[in-house]
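To keep things clear, I will list the structure first and then write my remarks on it.
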Number of protein chains: 2
Amino acid sequence: MSKQELPLINAAAVDPGACCAPLLCEPLGAAEAGELAPLFKAIGDPVRLRLLSLIACHEGGEACVCDLTSAFDLSAPTISHHLKVLKQAGLIDSERRGTRVYYWINPGVLARLSAILGSRQGAGMVSA
Amino acid sequence: MSKQELPLINAAAVDPGACCAPLLCEPLGAAEAGELAPLFKAIGDPVRLRLLSLIACHEGGEACVCDLTSAFDLSAPTISHHLKVLKQAGLIDSERRGTRVYYWINPGVLARLSAILGSRQGAGMVSA
DNA sequence: CCTCTAATTTGACATCTATCTAGGCAAGGA
DNA sequence: TCCTTGCCTAGATAGATGTCAAATTAGAGG
């Protein structure tokens, strides 16, 4: 049915020079998959996806926990838990400043994930 | 610390015309997050990530279950289960041909995810 | 009609996860 | 020193998830 749409992607995948979407290029090894999957898993939760977005879009590229908590109907410990998951996955980083803790996005990781899913673009151009 | 790297991303985010990385552009709404998260969750498992890659890279852009099962140290029902998850997420599609069932990738969905994570490129160009 | 192969469904089980309440720790101000 | 604010940790619990063995369906041939 939708097989007719595949050539477009595969054309990019076969491209020898700029080939950079492993997922569509060559079969992902078990090791690589074991490395990548936890990253996708981390953003595979609505709360964490929104947290990531809120942090990225917040003024100055960083947000304190109090800003984030107020955006959800969840308890503070729950938000804290999700932030921990994102941080352990390497998607965000944090720093305590006075009484507050600020979080910001680790932009390279997101770009890498995008490149892996995309057919080609976004690999080299975004990271730098 | 890594705040110095953000402006690049944000520059793209502020771009009024081509702005298409919601996650980095504007805070993701709960509804959108609830729609996107299951997709990331589906690829947030090493086995499913490899399955997706195996299918995409297989000759002809499609693979039968027997090809896939042999690549893992898992029982057939388990593979079947993961394929079902991927299919229900809309990432793959399938068709029975004789005694075998063939799976292929739904390329638009992957491109969309890539665009959402990427800072800009890959949004409009891949979908067509 | 029986059998063989390919794939899925069912049911069970152990593990993981999201969430909460209660309590603790750190920084700053009275 | 004591209180207040901001955030995290610990422990508990209900529900989701990954896996397998056993049973079931679907197609192709004897």
Side-chain angles (χ1 to χ4, degrees), chain A residues 28 30 33-55 58 60 62-104, chain B residues 28 30 33-55 58 60 62-104:
Chain A
L28 216 53
E35 221 183 303
L36 287 171
L39 291 173
F40 288 118
K41 190 176 190 178
I43 57 175
D45 178 282
V47 175
R48 289 197 288 266
L49 206 51
R50 284 184 65 201
L51 278 173
L52 211 59
S53 182
L54 281 170
I55 294 171
H58 203 267
E62 60 179 23
C64 81
V65 179
C66 54
D67 292 328
L68 301 170
T69 302
S70 61
F72 297 87
D73 249 357
L74 295 170
S75 69
T78 297
I79 299 299
S80 200
H81 159 70
H82 285 301
L83 288 171
K84 189 179 184 180
V85 171
L86 287 172
K87 186 171 181 179
Q88 284 179 335
L91 285 158
I92 59 177
D93 236 327
S94 70
E95 183 188 17
R96 175 171 213 122
R97 240 172 272 150
T99 181
R100 301 188 172 178
V101 177
Y102 290 85
Y103 284 85
W104 60 87
Chain B
L28 216 53
E35 221 182 305
L36 286 171
L39 291 174
F40 287 118
K41 190 175 192 178
I43 57 176
D45 178 281
V47 175
R48 289 197 289 267
L49 206 50
R50 285 184 65 201
L51 277 173
L52 211 58
S53 182
L54 280 170
I55 294 172
H58 203 267
E62 60 178 24
C64 83
V65 178
C66 54
D67 292 329
L68 302 170
T69 303
S70 60
F72 297 86
D73 248 356
L74 294 169
S75 69
T78 297
I79 298 299
S80 199
H81 160 69
H82 286 300
L83 287 170
K84 191 179 183 180
V85 171
L86 287 172
K87 185 171 181 179
Q88 283 179 336
L91 286 159
I92 59 176
D93 236 327
S94 70
E95 183 188 18
R96 176 169 216 122
R97 240 173 272 149
T99 180
R100 302 187 171 180
V101 175
Y102 290 83
Y103 283 84
W104 61 87

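These numbers come from the heavy atoms of this one structure, side chains and all, not from hydrogens, waters or symmetry mates.
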Whole-Å gap separating [atom2] ([N]) and [atom1] ([X]):
| X | N | atom1 | atom2 | answer |
| --- | --- | --- | --- | --- |
| B/K84 | C/dA6 | NZ | C1' | 17 Å |
| B/D67 | C/dA6 | CG | P | 11 Å |
| B/D45 | D/dG18 | CG | C1' | 8 Å |
| A/L83 | C/dT19 | CG | C1' | 15 Å |
| B/E95 | C/dA6 | CD | C1' | 16 Å |
| A/Q88 | C/dC16 | CD | P | 14 Å |

| message | Starting the side chain at C-beta, find the nucleotide from C/dT19, D/dT19, C/dA7 nearest to A/V47. | response |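 Nearest listed nucleotide: C/dT19.
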| field | Among D/dG6, C/dT8, D/dG18, the one nearest B/H81 by side-chain distance | value |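 Nearest nucleotide to the side chain: D/dG18.
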Under 4.0 Å: is that the gap between some side-chain N or O of [X] and OP1 or OP2 of [N]?
| X | N | value |
| --- | --- | --- |
| A/T99 | C/dG28 | no |
| B/S80 | C/dT8 | yes |
| B/S75 | D/dC20 | yes |
| B/Y103 | C/dT8 | yes |
| B/R96 | D/dT25 | no |
| B/K41 | D/dA16 | no |

| query | So what does A/H82 touch, heavy atoms closer than 4.0 Å: a base, only the sugar-phosphate, or nothing? | reply |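 Sugar-phosphate: the residue A/H82, judged by heavy atoms under 4.0 Å, touches backbone atoms but no base.
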| request: For A/Y102, answer base if it contacts any base atom (sugar-phosphate contacts may also be present), sugar-phosphate if it contacts only those atoms, and nothing otherwise; contact means non-hydrogen atoms under 4.0 Å. | output: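 No contact at all - A/Y102 keeps every heavy atom at 4.0 Å or more from the nucleic acid.
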| query | Are any of the side-chain heavy atoms of B/V85 and B/H81 separated by less than 4.5 Å? | reply |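 Side chain of B/V85 against side chain of B/H81, heavy atoms only: contact under 4.5 Å found.
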| task | Find out whether B/D93 and B/K87 are in side-chain contact, i.e. whether some heavy atom of one side chain is under 4.5 Å from a heavy atom of the other. | result |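 Counting from C-beta outward, B/D93 and B/K87 do come under 4.5 Å.
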| Just one of B/L83, B/L91, B/L51, B/L86 clears the side-chain contact (heavy atoms from CB on, under 4.5 Å) bar with B/Y103, so which one? |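 Of the listed residues B/L83, B/L91, B/L51, B/L86, the side-chain contact (heavy atoms from CB on, under 4.5 Å) partner of B/Y103 is B/L83.
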| said: Assuming nearest nucleotide by heavy-atom distance, tell me which of A/P77 and A/R48 is located more 5' along DNA chain C. | reply: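 Checking each residue's closest nucleotide, the 5'-ward one belongs to A/R48.
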| request: Taking all non-hydrogen atoms of both residues into account, name the closest pair between B/G34 and B/P38 and its distance. | output: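 Nearest pair, atom of B/G34 first, then B/P38: O-CD, 3.2 Å.
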| task | Identify the two heavy atoms, one from A/A63 and one from A/L68, that lie closest to each other, and give their separation to 0.1 Å. | result |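 Looking at all heavy atoms of both residues, the shortest contact is CB-CD2, 4.1 Å.
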